[in-house]
Amino acid sequence: MKPELGSVCVVGLGYIGLPTASLLATKGFSVTGVDVSENVVRTINGGGIHLVEPDLDVLVKSAVNSGNLVVNTVPAEADVFIIAVPTPLRGKAPDLSYIESAVQEIVPYVRPGNLVILESTSPVGTTEDIVAKGLREGGHDPDSIFVAHCPERVLPGQILVELIENDRIVGGINDESTAAAAAFYEKFVSGKVLGTTARTAELVKLAENSYRDVNIAFANEISMICEKDEVNTWEVIELANKHPRVNILNPGPGVGGHCIAVDPWFIIHRQPELARLIRTAREVNDAKPAWVIDRVRQCAAKFKHAVIGCLGLSFKADVDDLRESPAVDIVRQIGEDRLGDILVCEPNLRSHPTLPLRPLEEVIARSDIVLILVDHRPFRRITAASLKEKIVIDTRGIVR
Ligand code: SAJ
């Protein structure tokens, strides 16, 4: 049996679901996008978007205008169901309740021969134990439905390119499901589509993000060692990276976002005794914001009343995403510790509920201490000369 692949229902219209649904619609699939938020549904149906990602607004508009993308708060029948909902942490344990709800939501609309794909990053076993099991408990015969995990791997800021060009890992709960899911992704992905089992696909994704976390932790640890030894971090890394087999990543104020700072815990939670390096890396990265705050404290102590200009709030460059952002934690803590007056510039946001945002020029001009937290494009144009009179704490190494 081969599945039909012409219509798709995407559950969850966040950073993965919305670009995926829009891309599929512009490639000629008939797509229903589903989100629990009426506000999100209204915005998208009006041709707008509720998140910042380069070129996504244009893609969504053309998807909606083509008539191929319809967005609603409830699912619809389709050949393929894609679950792209959040899998956050509660404490240090994965919260899979959004996947459970998504499965419950689609149960009445799934038909024999359909393909159900879990794209959300998930602990090993989730595709079998939650998705396949949920469908079975909803009255579906497991042999009549294809079920697979195909973890999303796109980098925020480059989602539209990477959705098409990245290789995809496709892991079915059986060989037929792997083949069905591979046939689906081959319709719109130019990268390789690599088949495996669901459990392998789950661990591949977690290993990727843990690998990055461990490498960033190494860079962060080196940066703190450099500071203590009074050598320039950026010069050390640049020169070490001239070695043909060394590639140290960039230190920063800590690791943020909803992926790298979260997914390693999915491994640690299942295998606490084995995941020692992964846990230590998490701890090193989680400790970096406190180290930055300490540096601000030392510099602020030189002033009677310091004005501290904080550049950037988002978790990384050129996005508006504040989830798990170390920059936000640092700015908040500087305020709570009353280290000085805070001025904030975040060019990717129009406003922030508690922090008034100001233009870059004003923040630099009025600050005694300039704290660079994110390497946004406009900040990369700041010259060392323009900061001559200031104390600069450059956590990203952009002003040389
Ligand atoms: N960061 C550093 N130094 C670096 C690189 C990153 O401090 O050298 C920080 C960033 O500032 C940010 C955090 O790490 O706070 C994470 O940023 P990122 O760009 O490394 O990754 P994400 O979270 O935007 O996306 C990651 C990607 N995973 C990998 O590169 C292995 C992406 O491909 C995944 O799809 C995504 O997680 C996800 O959704 O899982």
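Only a predicted model underlies this, so the values are computations on that prediction, with no experimental measurement involved. For ligands, and for the atoms within them, numbers begin at 1 and follow the listed sequence.
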Counting heavy atoms under 4.0 Å, the part of Ile216 that contacts ligand 1 is side chain
Out of all atoms in ligand 1, which are within 4.0 Å of some heavy atom of Val154? Include the element for each.
32 (C), 33 (O), 34 (C), 35 (O), 36 (C)
Quick one: does Glu162 get an N or O within less than 3.5 Å of an N or O on ligand 1?
no
How does Gln158 reach ligand 1, by side chain, by backbone, by both or by neither, if only non-hydrogen atoms under 4.0 Å count?
neither
Short N-O contact, Glu162 and Arg153, less than 4.0 angstrom:
no
Atom indices of ligand 1, in the order listed, that fall short of 4.0 Å to a heavy atom of Leu249:
8 (O)
Residues in side-chain hydrogen bond (donor to acceptor under 3.5 Å, both in side chains) with Thr197, at least two apart?
Thr200
Thinking salt bridges, do Arg380 and Asp318 make one under a 4.0 Å N-O criterion?
yes
Would you say Gly257 contacts ligand 1, with heavy atoms under 4.0 Å as the rule?
no
Measure Asp263 to ligand 1 on non-hydrogen atoms and call it side chain, backbone, both or neither using the 4.0 Å cut-off.
side chain
I want to confirm something. Looking only at heavy atoms, which of Arg153, Lys205, His258 is nearest to atom 40 (O) of ligand 1?
Lys205
Between Asp321, Ile260, Thr395, flag the one that comes closest to atom 26 (C) of ligand 1 by a heavy atom.
Ile260
Please state which protein non-hydrogen atom is closest to atom 5 (C) of ligand 1 and give its distance, to 0.1 Å?
Arg212 NH2, 3.3 Å
Could you verify whether a donor N or O on one side chain and an acceptor N or O on the other, from Ser37 and Asn39, lie under 3.5 Å apart?
no
Report, in ascending order of atom number, the atoms of ligand 1 lying under 4.0 Å from any heavy atom of Leu155.
19 (O), 21 (O), 24 (O), 25 (O), 27 (C), 32 (C)
If the threshold is 4.0 Å, N to carboxylate O, is there a salt bridge linking Lys133 and Asp129?
no
Near Cys259, which atoms of ligand 1 are under 4.0 Å from a heavy atom of that residue?
23 (O), 36 (C), 37 (O), 38 (C), 39 (O), 40 (O)
Tell me: protein heavy atom nearest atom 2 (C) of ligand 1, and distance?
Asn250 O, 3.5 Å
Just to verify, what does Lys27 make a salt bridge (charged side-chain N to carboxylate O under 4.0 Å, His left out) with, not counting sequence neighbours?
none
Hey, are Asp368 and Lys390 close enough for a salt bridge, meaning a charged N less than 4.0 Å from a carboxylate O?
no
Considering only protein heavy atoms, which is closest to atom 24 (O) of ligand 1, and at what distance to one decimal place?
Lys316 NZ, 2.9 Å
For the pair Ile159 and Leu56, evaluate side chain to side chain contact (heavy atoms under 4.5 Å, CB included) and give the outcome as yes or no after the intermediate values.
CA-CA 9 Å; Ile159 292 178; Leu56 182 60; over 6 Å; no
Ring-plane angle category for Phe188 and Phe184, please: parallel below 30°, perpendicular beyond 60°, tilted otherwise.
perpendicular
Salt-bridge present (Arg212, Glu208; N to O < 4.0 Å):
no
Mark up the atoms of ligand 1 that fall under 4.0 Å of a heavy atom belonging to Pro156, in ascending order.
24 (O), 25 (O)
Determine, for Glu186 against Arg168, whether the closest basic-nitrogen to carboxylate-oxygen distance falls under 4.0 angstrom.
no
Among non-hydrogen protein atoms, atom 28 (N) of ligand 1 lies closest to Asn209 OD1, 2.8 Å
Can you check whether Glu152 has an N/O within less than 3.5 Å of an N/O in ligand 1?
yes
Looking only at protein heavy atoms, which one is nearest to atom 13 (C) of ligand 1, and how far off is it?
Gly256 O, 3.6 Å
Assess Glu324 for proximity to ligand 1: is some non-hydrogen atom of it under 4.0 Å away?
no
Group every Ile, Leu, Val, Met, Phe, Trp and Tyr by side-chain heavy-atom contacts under 4.5 Å, then state whether Val161 and Tyr185 land in the same group.
no
Looking only at protein heavy atoms, which one is nearest to atom 11 (O) of ligand 1, and what is the separation?
Arg396 NH1, 2.8 Å
Can Val370 and Ile391 be said to form a side chain to side chain contact (heavy atoms under 4.5 Å, CB included), step by step?
CA-CA 6 Å; Val370 176; Ile391 293 186; over 6 Å; no
Looking at atom 15 (O) of ligand 1, what's its closest protein heavy atom, distance included?
Phe315 O, 2.7 Å
Per-atom filter on ligand 1: closer than 4.0 angstrom to a heavy atom of Glu208 are 31 (C)
